[in-house]
2 protein chains.
Amino acid sequence: MTTRSTTRSAQPRVPLSRERVLQVTLGLADQVGLDSLSMRRLGQELGVEAMALYHHFASRDEIVDGLVDLVFAEVDLPLGEGDWKVEMRRRAISLRDVLLRHRWAIGLMESRRNPGAAGLRHHDAVIGSLRAGGFDIVMAAHAYSVLDSYIYGFALTKMNLPFEASEEVADVAQDMLEAFPVNEYPHLVEMIGHALKPGYDFGDEFAFGLDLILDGLGRIRAIE
Amino acid sequence: MTTRSTTRSAQPRVPLSRERVLQVTLGLADQVGLDSLSMRRLGQELGVEAMALYHHFASRDEIVDGLVDLVFAEVDLPLGEGDWKVEMRRRAISLRDVLLRHRWAIGLMESRRNPGAAGLRHHDAVIGSLRAGGFDIVMAAHAYSVLDSYIYGFALTKMNLPFEASEEVADVAQDMLEAFPVNEYPHLVEMIGHALKPGYDFGDEFAFGLDLILDGLGRIRAIE
DNA sequence: TGCCGTGACTGTACGGTGTAAAGTTCGGAG
DNA sequence: CTCCGAACTTTACACCGTACAGTCACGGCA
């Protein structure tokens with residue numbers, strides 16, 4: 001019974017690898033979130049005990065580092081030679097999409113002390129596109145700061161919205177307000193009414209703010 | 001020995017209250033962060049066993065709800081009668097300051113399913129100020145979305161910066177880049193050089209983006 | 001062919017987490 | 001004096017990351 005070696009043909013036992021672990025972890029994180037992703041659960045998903053992972057990664061945190069870089073790699077890089085506004089817009093929308101696809105990553109992308117190659121390449125490409133577009137280094141820093149604050153903030157806000165579909169909105173809004181007299185928060189009530197209208201989708205707000213910022217940057221760059 | 005009742009004069013034993021718990025928790029969260037704030041640790045700080053807290057709060061999450069509302073209460077509300085741009089600017093800076101004072105709260109402020117009175121009052125005041133400033137409800141939704149995405153995103157980015165003071169920046173940047181050939185990320189290197197210059201403080205970037213957005217909003221409102 | 005090191009993985013254990021459930025203590029009302 | 005209910009404690013459970021030691025199969029070498 002204990003000698004499984006003679007019948008090893010059943011399971012060829014492909015060994016783990018950093019790549020395979022990260023790929024599976026990424027999928028699992030998207031499904032259950034990063035908090036619910038324990039080493040034991042992850043090992044189970046890979047057909048292995050939890051401690052086996054420590055032969056390929058020093059800690060759970062090192063796995064997260066790898067995950068973040070995989071996410072960065074999904075973002076469309078801006079091209080240096082194109083129109084900076086077009087490139088920045090494309091990159092912003094791509095980054096937002098990626099963040100909404102991997103909601104657990106928001107708040108980790110900028111914080112990792114050990115950035116991976118994809119993250120570094122991303123930063124370099126964004127700054128390079130701005131510089132090629134005529135921004136000096138001071139203005140490029142300003143522009144990068146506004147844009148990324150906005151993109152990450154939007155993703156953060158949208159991620160944390162306590163509802164998803166329109167029908168849920170109504171329920172949550174109802175719960176939120178039913179305990180209070182309507183007159184106490186008249187403007188909030190008006191806004192909720194607006195958000196409940198059939199055509200409204202909070203996700204559409206992104207383009208408005210993005211274009212407002214890009215236009216502002218264009219104007220300031222022109223003056224300077 | 002077991003009858004401590006006869007010598008009860010030593011410790012008058014002030015009972016807990018939601019207010020006292022929240023106040024102490026707020027201070028503790030600012031010191032050690034929200035993750036390190038366990039029920040046991042919190043009880044210890046209050047001179048009580050962890051389970052005693054469950055007589056005043058249904059769960060750890062309910063404590064966090066209360067905490068978030070305390071944070072909202074610290075934010076300066078915009079006045080309905082003032083110039084909307086001045087009011088929005090004041091409120092934005094106040095919110096940023098509050099978020100940097102309570103870094104653990106970023107990402108929780110917009111997500112709570114059970115908003116408190118201070119949070120509702122805050123939302124109502126912001127929308128009210130915009131409406132009084134001439135924004136219709138559609139534009140007010142746009143404006144609120146851009147502004148808060150930017151403010152929360154900025155706080156998130158600044159919170160997560162893997163360094164604090166200028167000297168640390170140099171070390172971290174060194175670590176980040178030393179493994180790579182300098183030529184591979186020339187623009188990133190230039191930007192780090194810019195950020196290392198004595199006068200530079202990332203916190204100053206906030207005003208640039210804020211004014212850019214406020215000006216953009218003013219322009220669009222005027223056209224409309 | 002036998003041996004033995006090495007790398008991949010497992011088993012067990014420790015101190016931590018949130019919280020369910022039951023037990024203790026005690027001031028005040030009847 | 002009794003008894004109730006509120007405030008608090010004790011104990012327990014299932015889970016977490018990970019330190020540490022053990023097991024097992026395979027490749028190179030005698």
- Per-nucleotide protein contact along nucleotides 10-19 of chain D, 5' to 3', at a 4.0 Å heavy-atom cut-off (B base, S sugar-phosphate only, - neither), is B-B---BBBB

For [X], side-chain hydrogen bond (donor to acceptor under 3.5 Å, both in side chains) partners two or more places apart:
X         : answer
Arg89(B)  : Asp211(B)
Arg40(A)  : none
Glu45(A)  : none
Arg101(A) : Glu74(A)

- Message: Does dA6(D) have its OP1 or OP2 closer than 4.0 Å to a side-chain nitrogen or oxygen of His56(B)?
- Response: no

Atom-pair distance ([atom1] on [X]; [atom2] on [N]), nearest Å:
X        : N       : atom1 : atom2 : value
Gln44(B) : dT17(C) : CD    : C1'   : 15 Å
Phe57(B) : dA20(C) : CZ    : C1'   : 19 Å
His55(B) : dC26(C) : NE2   : C1'   : 14 Å
Leu42(B) : dG18(C) : CG    : C1'   : 13 Å

Listed pairs under 3.5 Å, donor-acceptor, residues 49-59 of chain A side chains, sequence neighbours left out:
{"from": "Ser59(A)", "atom 1": "OG", "to": "Asp61(A)", "atom 2": "N", "distance (Å)": "3.3"}
{"from": "Ser59(A)", "atom 1": "OG", "to": "Glu62(A)", "atom 2": "N", "distance (Å)": "3.3"}

- Name all residues meeting the side-chain contact (heavy atoms from CB on, under 4.5 Å) criterion together with Ala118(B); count only those two or more places apart in sequence or in a different chain, and write none if there are none. Asp69(B), Phe72(B), Ala73(B)

- Compute the angle between the rotation axes at the two ends of the helix from dT1(C)-dA30(D) to dG30(C)-dC1(D), each taken over five pairs, rounded to 10 degrees. 30°

- Message: Tell me whether the count of non-hydrogen atoms from other residues, nucleotides or ligands lying under 6.0 Å of CG in Asp201(A) goes above 12.
- Response: yes

- Query: For Glu190(B), which residues count as a salt bridge (charged side-chain N to carboxylate O under 4.0 Å, His left out) partner, sequence neighbours excluded?
  - Reply: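 In terms of salt bridge (charged side-chain N to carboxylate O under 4.0 Å, His left out), with neighbours along the sequence ignored, Glu190(B) is linked to Arg131(A).
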
